[in-house]
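Below: the structure, in structure tokens.
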Number of protein chains: 2
Amino acid sequence: MEVQTSQNTADKIKAVSLSLFARKGFEGTSLAEIASRVGIKKPSLYAHFKNKEDIFLAVIDKVMADYIAYFETVANKLVNRQAEEKLFILLKENTDYLRDEELGLIWKRMMLFPHETLKEKLKEKFLASEEKMTGTILAILKELKEDGIIQENTEEVLDAYYCLMDGTFEQVFYYPEIEHKRRLQHSWQVFWKGIKR
Amino acid sequence: MEVQTSQNTADKIKAVSLSLFARKGFEGTSLAEIASRVGIKKPSLYAHFKNKEDIFLAVIDKVMADYIAYFETVANKLVNRQAEEKLFILLKENTDYLRDEELGLIWKRMMLFPHETLKEKLKEKFLASEEKMTGTILAILKELKEDGIIQENTEEVLDAYYCLMDGTFEQVFYYPEIEHKRRLQHSWQVFWKGIKR
DNA sequence: GTCTATACAACGATAGAC
DNA sequence: GTCTATCGTTGTATAGAC
């Protein structure tokens with residue numbers, strides 16, 4: 001196995017494109033700017049990718065893979081923790097990860113304004129990661145219920161947790177980190193009081 | 001005062017543009033398509049607006065004005081209601097209004113991915129409506145606190161309420177109406193339990 | 001794999017006749 | 001106020017030499 005000392009051109013294209021697609025969207029990003037930032041001429045892009053959509057899909061694949069990999073490391077952080085802590089860590093780590101501007105932005109763009117012709121492909125990829133998340137959450141809720149810490153109505157708790165997650169996710173982009181932290185803390189406290197026995 | 005029997009051309013342009021900007025964004029919308037849907041030729045647009053940005057700003061102005069007007073009618077619905085109900089109605093009406101696909105989409109786009117050169121102008125317009133909202137919420141919370149119904153920590157309650165609002169707003173776009181209604185109900189129940197004395 | 005050169009369509013915008 | 005005609009630019013994409 002060879003050691004990769006530096007990014008090859010295809011990877012560099014993907015990295016540059018991620019940044020541009022995140023900030024400017026699919027239509028707002030031109031191949032000319034991508035090529036320029038990579039340091040090659042426009043036609044050279046076609047030696048690595050079939051066309052613009054092909055570049056976009058490669059970027060999305062990487063974003064998804066990175067997110068799922070990150071989720072695995074978070075799941076590892078949860079072992080040997082109290083169930084209550086697990087629920088909070090899951091929430092906090094998620095927003096911390098997506099706070100990374102470019103990652104969070106492209107994630108948001110994908111989910112809210114998917115490019116028309118790529119809608120179906122994106123939805124598939126997204127559903128896989130969502131199922132994983134729900135499985136993890138449900139396991140924690142089961143634990144909490146068996147210990148008699150939270151109420152019995154799992155669906156209510158799960159719906160409220162996802163709403164909490166979506167709300168804090170949204171707010172990552174409006175507010176500076178320090179303010180967001182306070183809002184997250186407060187929202188969590190109310191949520192926790194709301195689901196306790 | 002004359003009675004307007006049908007839309008004039010400028011209004012038609014704004015209506016068509018709202019729909020296109022909402023679904024395709026600023027860059028994704030072409031003047032050719034706007035003109036085509038209005039039923040005129042491209043250069044005729046310039047008899048009504050200075051350029052593309054000018055059309056976009058006119059659309060945004062209308063969206064904002066409509067939203068503020070709607071908020072007024074909601075505020076009227078609140079009188080003679082219990083404070084708890086007020087808080088819920090405010091939440092529900094807001095998502096109901098933004099559920100209108102085109103309105104909600106362009107609102108979301110504006111706030112999350114404002115067009116670079118229009119960022120400042122949009123922010124101003126948005127802040128005005130947000131202040132109004134916060135004022136209304138705080139008045140309700142004060143009422144609830146004085147009656148000893150909810151806890152004393154107003155900042156915590158306000159932060160959690162906004163998170164609830166942002167979360168349900170986000171979910172308007174993911175889930176079909178019937179599922180969203182259930183999620184809203186559940187999230188609200190947990191929130192309410194969480195802020196009660 | 002990278003380049004120059006170029007094709008070709010679509011873009012926003014303007015000129016000027018009616 | 002609407003049109004035809006057209007400008008200049010930029011967009012994606014391809015051909016073919018090195």
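Values in this document were obtained by computation on a predicted structure and should not be read as measured data.
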Ring pair (Phe, Tyr, Trp, His ring centres under 6.0 Å) filter on B:Trp192, not counting sequence neighbours, yields B:Trp188
Distance col, row A:Gln171:CD vs B:Met165:CE, nearest 0.5 angstrom, shows 12.0 Å
Taken to the nearest whole Å, CD1/A:Ile40 to P/C:dT4 is 12 Å
Residue pairs meeting ring pair (Phe, Tyr, Trp, His ring centres under 6.0 Å), one or both in residues 31-51 of chain A, sequence neighbours left out, come to none
In whole angstroms, the gap separating P of D:dT14 from CG of A:Leu45 amounts to 13 Å
In whole angstroms, the gap separating C1' of C:dA10 from CD1 of B:Ile34 amounts to 15 Å
B:Lys24 atom NZ is separated from C:dA10 atom P, nearest whole Å, by 13 Å
* Asked: Are A:Lys108 and A:Phe169 in a cation-pi contact, defined as NZ or CZ under 6.0 Å from the six-membered ring centre and within 45° of the axis?
  -> yes
A:Phe49 CZ to D:dT14 P, in whole Å, measures 16 Å
N/O to N/O distances under 3.5 Å, protein versus nucleotides 16-18 of chain D:
none

Q: Check whether any side-chain N or O of A:Asp147 sits under 3.5 Å from a backbone N or O of A:Ile149 as a donor-acceptor pair, and report yes or no.
A: no
Residue set satisfying ring pair (Phe, Tyr, Trp, His ring centres under 6.0 Å) with B:Phe26, at least two apart, ordered chain then number -> B:Phe21, B:Phe56, B:His115
What protein N or O atoms touch nucleotides 10-12 of chain D N or O atoms at under 3.5 angstrom, if any, and at what distances?
residue : atom : partner : partner atom : Å
D:dT12  : OP1  : A:Thr29 : O            : 3.4
D:dT12  : OP1  : A:Leu31 : N            : 3.4
D:dT12  : OP1  : A:Lys52 : NZ           : 2.9
D:dT12  : OP2  : A:Leu31 : N            : 2.9
D:dT12  : O4   : A:Lys42 : NZ           : 3.4

Those residues at least two apart in sequence (or on a different chain) that pass ring pair (Phe, Tyr, Trp, His ring centres under 6.0 Å) with B:Tyr97 are B:Tyr67, B:Tyr70
Atom CG of B:Asp54 and atom C1' of C:dG12 are separated, to the nearest Å, by 14 Å
Worksheet item: Any side-chain N or O of A:Ser44 under 4.0 Å from OP1/OP2 of C:dT4?
Response: no
Q | Salt-bridge criterion met for A:Glu27 and A:Lys52 (N-O under 4.0 Å) | A | no
Taking every heavy atom of B:Ser19 against every heavy atom of B:Glu102, the minimum-distance pair comes out as OG-OE2, 2.8 Å
note: B:Lys41, atom NZ; C:dA15, atom C1'; distance rounded to Å ~ 18 Å
Nearest-nucleotide check on DNA chain C, A:Ala47 vs A:Pro43; residue mapping nearer the 5' end is A:Ala47
Whole-Å distance, A:Lys50 NZ to D:dT14 C1', equals 15 Å
